[in-house]
2 protein chains.
Amino acid sequence: MSDRSPQSMSATARSQNPDSTAHAVIPGVLLPLRKQQRVLLTQKPADHIVLVMTGVLMVEARLPERDRQVLEILFPGDAYHTQDAPGLLGASLIAATPAELQRYRPEALEAIERSNPEFRRRLESAMAHRSARRTLHLASMSGASGEERLADFLVEIGLHLGRQVQGSRSFDMPLSREEIADYLALNPDTLSRIFSRMKSSGVISISRGRATVPDWPALMRLSPFGAAQTELYEQTRVPA
Amino acid sequence: MSDRSPQSMSATARSQNPDSTAHAVIPGVLLPLRKQQRVLLTQKPADHIVLVMTGVLMVEARLPERDRQVLEILFPGDAYHTQDAPGLLGASLIAATPAELQRYRPEALEAIERSNPEFRRRLESAMAHRSARRTLHLASMSGASGEERLADFLVEIGLHLGRQVQGSRSFDMPLSREEIADYLALNPDTLSRIFSRMKSSGVISISRGRATVPDWPALMRLSPFGAAQTELYEQTRVPA
DNA sequence: CGTGTTGTTGAACTGTCTCAAGGACGGTGG
DNA sequence: CCACCGTCCTTGAGACAGTTCAACAACACG
């Protein structure tokens, strides 16, 4: 509750960090975020692009008089375009874990892309990948039961954050129950019940924020869109 | 039931038509579609871009053992990227009304864009606009009740297809009850009940496929995301 | 160790689904 | 023009998944 000062996209940020981790990243403006720190997406029509360098982010929408919604989850490598959320949605990015963002303004982007087609291709591929993931999330939200939605979510997180060990997989859970509920369009009580059922059926176990799925294929069998998610995820790992 | 022969994206199509309607459209391959005709999106990893010239399309997903879902609705001016649906979703485009598509292969696109930056900007703007509309649809599906979802849908259709006459609006309904249900993640029976309630409360009247909303602001009041949709829609009309 | 926050669980309630029956068109052929 | 058909839509009654509210347990933090 203490470190949630909203920070506008246009607010000052630390200056860039020339040496970046993976890939050839052209430095824009580096934004380090504390856990639960918020970046407003709504202000001004400036269409920025944000690259997730490290950490996990949530895209949140908050309409007056309505419950908060978590529209999507961003992982390292993802690119988010400000224009993807209409202004009236009141969207923000929220750091689910400590995170680092790279931010690009449209003019800067155009110049970079011209001089660096490789970077442009990487951006476009990141956007395409995220777009497909959004499609899967929509499909899951509109076609699946509570338990199936949770399974889809666990597959998504497990793929991106998990380490595989012999058909089992474990990962740190970056979202709270309430955040997961807001992402899955369930209420927290219901979600807790479904979690309990899954725990007692042995599909998953959680202790101190660390989740373990002892039998990954078993989880996949509960997840209607797990296969499609995996296909998608593999595409970002294997090629290039 | 007679004219539903699936047509693969790669199947032969009529050759291009140099004189196009609005905007400066660079001819790709023109695909005319009969009502209910289907274009498979899944085959081959070729990432085409499809431009809707006329008509209304549905993006459908069909997973084995699961009900069909309508993921989004496309209107004239929309650009659809094949990559937006992961292969395993079994996605297709379906013409809700007779329609014409313009199709571009990635190589062709790159060349066109290089020589015609204006066209590229138009494409990007169309994609961005559709992306924001998808966000709203997701938000509606995961945050709204059945009645609210239907109101959001009617606003979407009304904005794109309707003629305004003094605060009232009417339009031809391009989707059947079942298609609407699949789009709204409701079952057809429930949808019919909600429609009945709306009709008897005077929000909408329908006769022979023609819908009339006598009091548009009243509908907007039922629609949680109507304002955001309108904002978005206006952006495509006014500028440029 | 309190104290506040987050997660869990029960019981009653409600919106949506299911299944099944009946109605309204829109076309076709006598 | 009517009778017939198929398809799409509507409506009721009962079942069920998910919600709500409230109480309590578990945990993190100072």
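Residue numbering restarts at 1 for every chain, and letters A, B, ... go by the order of the sequence lines. Everything quoted here is computed from the prediction, not taken from an experiment.
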Partners of F75(A) by ring-ring contact (aromatic ring centres under 6.0 Å, His included), sequence neighbours excluded? H160(A)
Residues in ring-ring contact (aromatic ring centres under 6.0 Å, His included) with Y183(B), at least two apart? H137(B), F153(B)
Tell me: [atom1] of [X] to [atom2] of [N], nearest whole Å?
X       : N       : atom1 : atom2 : value
F195(B) : dT11(D) : CZ    : P     : 13 Å
M141(B) : dG18(D) : CE    : P     : 17 Å
M173(A) : dT6(C)  : CE    : C1'   : 15 Å
E178(A) : dG4(C)  : CD    : P     : 19 Å
L150(A) : dG7(C)  : CG    : P     : 14 Å
M198(A) : dT8(C)  : CE    : P     : 13 Å
I206(B) : dC8(D)  : CD1   : P     : 16 Å

For [Y], is there an ion pair with [X] - N to carboxylate O distance below 4.0 angstrom?
X       : Y      : answer
R133(B) : D78(B) : yes
R38(B)  : E60(B) : yes
R130(B) : D84(B) : yes

What pairs meet the side-chain hydrogen bond (donor to acceptor under 3.5 Å, both in side chains) rule with one or both residues in residues 211-228 of chain A, with sequence neighbours excluded? D152(A)-S223(A)
So, is S192(B) close to the dT11(D) phosphate, meaning a side-chain N or O under 4.0 Å from OP1 or OP2? no
For DNA chain C, which residues of residues 55-62 of chain A approach it to below 4.0 angstrom with any heavy atom? none
5' to 3', nucleotides 10-25 of chain C under a 4.0 Å protein heavy-atom cut-off (B base, S sugar-phosphate only, - none) gives BB----SBBBB-----
Restricting to non-hydrogen atoms, name the atom on P86(A) and the atom on L232(B) that form the minimum distance, rounded to 0.1 Å. CG-CD2, 4.3 Å
All side-chain contact (heavy atoms from CB on, under 4.5 Å) counterparts of R193(B), not counting sequence neighbours: D189(B), R197(B)
